[in-house]
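These figures come from a predicted structure and were not determined experimentally. Residues: numbered from 1 along the sequence shown. Values below: all heavy atoms of this structure, side chains included; hydrogens, waters and symmetry mates excluded. We count ligands from 1, going down the list as the structure has it; atoms in each ligand are counted the same way.
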Amino acid sequence: MIITIRSEASSEERAQLMSLLCRITGNQHPIQTTEMDEREVIALDGVCIDTQAQIALSEQSAVEQVQRIKTPYKLVSRAFKAQSSSIVIGAHPGSEQVTIGGAMATPVIMAGPCAVENREQLITTARAVKESGAQVLRGGAFKPRTSPYQFQGLGIEGLHLLDEARQITGLPVITEVMEPDMVETVAQHADVLQIGARSIQNYPLLQAAGRNKKKVPVLLKRGLSSTIDEWLQAAEYIVAAGNPNVILCERGIRSYDPQTRNLLDLSCIPLLHQLTHLPVIVDPSHATGRRELVPIMSRASIAAEAEGLIIEVHPDPNSALCDGKQSITPEQLKKIVHEIHLFADIMRGEARVA
Ligand code: PEP
Ligand code: MN
């Protein structure tokens, strides 16, 4: 159930609503107020609210409307909000602003190295990303690696290099956060916080990203074996904790075939568009693990109506400290960005003569 509070409701009216909710739920459920589209809302689940209680709630003077939402995810559901959400990226000074999602939006391409390795590698890549026409720079400073002996990222130094790359190019930056206690620190540098596939079940991290003071947008990657319902409930954690700015990222799921690193689930894109109002992007690099598959899977993702892409690019992919096999060169990125924009125009019925 979702209760939308009237924006003009007085503090007495709100207090009255809260005490009724406490009575109805028997103080057994957390009652969190979240702001969505300039409205305060309260989502409740697992509480048996009968018709009489629902009427009593809707009669409260603080209440604008009460909606019953059947899915376990509420605030992120299309049933709650029919209009696709658009999210503005780039709140840091010196950053260009980029909008992702919403009706007929231009695809947003995020690109950069898997990991920030050193100043020269990052700045060279950042300039190439800018020149390609991609709109957001990616780069991991904290890297979740399968082996403890692999490069773990530059940490805080990597965040400072990302700041410098933004100053030079104007590109907003996305970088991963792995620990709840690091959210505020990473948010001081990042225009988008990435929550990686391995962290989707780290509920304290999801909540901390939801509570981050500036509501920095969060890119939530699908877990290695997350069902769509689990993924949407992870997104719900972030939104319910106070941050409505969530972007979903399909990055492939575990399969049995070692030919590709993961299996790109393209069908999840139109399905997610039915189920949620949040924007959906695709990471063809981690989804395939093979750089030669990245261009065509990028096109396929846009054809399936993804609102964007996140692609790994490296000036010298074969010497990358992380994920070189799936990283493309700056020249290949330029070609992909060009193709994607032509392709998106065709899909919108605005084909240009090249
Ligand atoms: C990454 O983006 O480099 C990364 C580690 O991604 P994922 O969490 O999808 O594996
Ligand atoms: Mn990577």
Side-chain angles (χ1 to χ4, degrees), residues 108-117 121-122 125 129 134 136-148 150-155 158-159 161-162 172-179 182 186 190-202 205-206 209 217-226 228 230-231 234-235 238 246-255 260-266 268-269 280-291 293-294 297-298 301 306 308-329 333:
V108 171
I109 303 182
M110 311 184 185
C114 176
V116 178
E117 297 173 9
Q121 170 248 17
L122 183 68
T125 316
V129 168
V136 180
L137 175 69
R138 66 151 285 154
F142 296 93
K143 293 301 306 172
R145 303 305 302 275
T146 304
S147 162
Q150 290 171 328
F151 177 58
Q152 306 283 312
L154 295 181
L159 297 179
L161 290 174
L162 287 165
V173 305
I174 169 166
T175 196
E176 180 156 356
V177 58
M178 288 162 49
E179 298 167 63
M182 288 299 288
V186 178
D191 297 282
V192 182
L193 295 166
Q194 175 172 318
I195 295 191
R198 293 158 189 80
S199 296
I200 194 169
Q201 288 176 311
N202 184 342
L205 177 63
L206 300 174
V218 178
L219 182 85
L220 178 64
K221 288 201 163 191
R222 185 178 191 173
L224 275 69
S225 60
S226 304
I228 287 175
E230 286 164 348
W231 188 9
I238 303 170
V246 179
I247 304 158
L248 300 171
C249 177
E250 159 63 20
R251 46 77 74 205
I253 45 176
R254 265 285 156 87
S255 168
T260 52
R261 183 172 176 180
N262 290 295
L263 181 68
L264 174 53
D265 176 12
L266 284 176
C268 83
I269 308 163
V280 182
I281 74 164
V282 171
D283 173 347
S285 311
H286 291 86
T288 63
R290 299 174 69 137
R291 75 173 74 111
L293 300 183
V294 169
M297 287 300 104
S298 297
S301 304
L309 297 164
I310 182 163
I311 299 175
E312 289 188 340
V313 54
H314 195 284
D316 180 11
N318 292 331
S319 68
L321 294 182
C322 190
D323 288 348
K325 260 175 64 184
Q326 67 195 35
S327 299
I328 59 168
T329 61
L333 176 68

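- Atom numbering of ligand 1 starts at 1 in the shown order; those under 4.0 Å from a heavy atom of Gly196 are 8 (O).
- Taking every heavy atom of both residues into account, Gly158 and Val116 meet most closely at CA-CG1, 4.2 Å.
- At least one N or O atom of Ala197 sits closer than 3.5 Å to an N or O atom of ligand 1.
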* For side chain to side chain contact (heavy atoms under 4.5 Å, CB included), just list the numbers for His314 and Ser319, CA-CA rounded to whole Å, side-chain angles, deciding distance to a tenth of an Å, and then say yes or no. => CA-CA 9 Å; His314 195 284; Ser319 68; 4.3 Å; yes
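- The closest donor-acceptor contact from the side chain of Arg291 to the backbone of Ser327 lies under 3.5 Å.
- Excluding waters, the set of protein N, O or S atoms lying under 2.8 Å from the Mn ion (ligand 2) comprises Cys114 SG, His286 NE2, Glu312 OE2, Asp323 OD2.
- Distances between N or O atoms of Asp323 and those of ligand 1 include no value under 3.5 Å.
- Using a 4.0 Å cut-off between charged side-chain N and carboxylate O, Lys143 and Asp323 make no salt bridge.
- When all heavy atoms of Ile310 and Cys249 are compared, the closest pair comes out as CG2-SG, 3.8 Å.
- Below 3.5 Å of separation, one finds no N or O of Arg261 facing any N or O of ligand 1.
- Shown are Arg222, Glu312, Glu250; of these, the side chain to side chain contact (heavy atoms under 4.5 Å, CB included) with His286 is made only by Glu312.
- Remark: ligand 1 atoms within the under-4.0 Å shell around heavy atoms of Arg251 are 7 (P), 9 (O), 10 (O).
- Counting protein heavy atoms only, atom 6 (O) of ligand 1 is closest to Lys221 NZ, 3.0 Å.
- Atom 3 (O) of ligand 1 has Lys143 NZ, 2.8 Å as its closest protein atom, hydrogens excluded (heavy atom only).
- When all heavy atoms of Gly324 and Ala320 are compared, the pair lying nearest together is CA-CB, 3.7 Å.
- Between Asp283 and ligand 1, no N or O atom pair is found at a separation short of 3.5 Å.
- Among all protein heavy atoms, the one lying closest to atom 4 (C) of ligand 1 is His286 NE2, 3.4 Å.
- Ligand-side atoms of ligand 1 in range of Cys114: 3 (O), range being under 4.0 angstrom from any heavy atom.
- Residue contact annotation: Gly140 has no non-hydrogen atom under 4.0 Å from ligand 1.
- Using a 4.0 angstrom heavy-atom cutoff, Arg222 does not count as in contact with ligand 1.
- Only one option out of Leu122, Leu161, Leu159 pairs with Leu154 in a side chain to side chain contact (heavy atoms under 4.5 Å, CB included); it is Leu161.
- The two residues Leu219 and Val192 make their nearest non-hydrogen contact at N-CG1, 3.7 Å.
- In terms of N/O distances under 3.5 Å, ligand 1 is not approached by Glu176.
- Two residues are said to be in side-chain contact when any heavy atoms from C-beta on lie closer than 4.5 Å; Met182 and Leu205 fail this criterion.
- Under a 3.5 Å cut-off, the side chain of Arg138 and the backbone N or O of Ile311 do not form any donor-acceptor pair.
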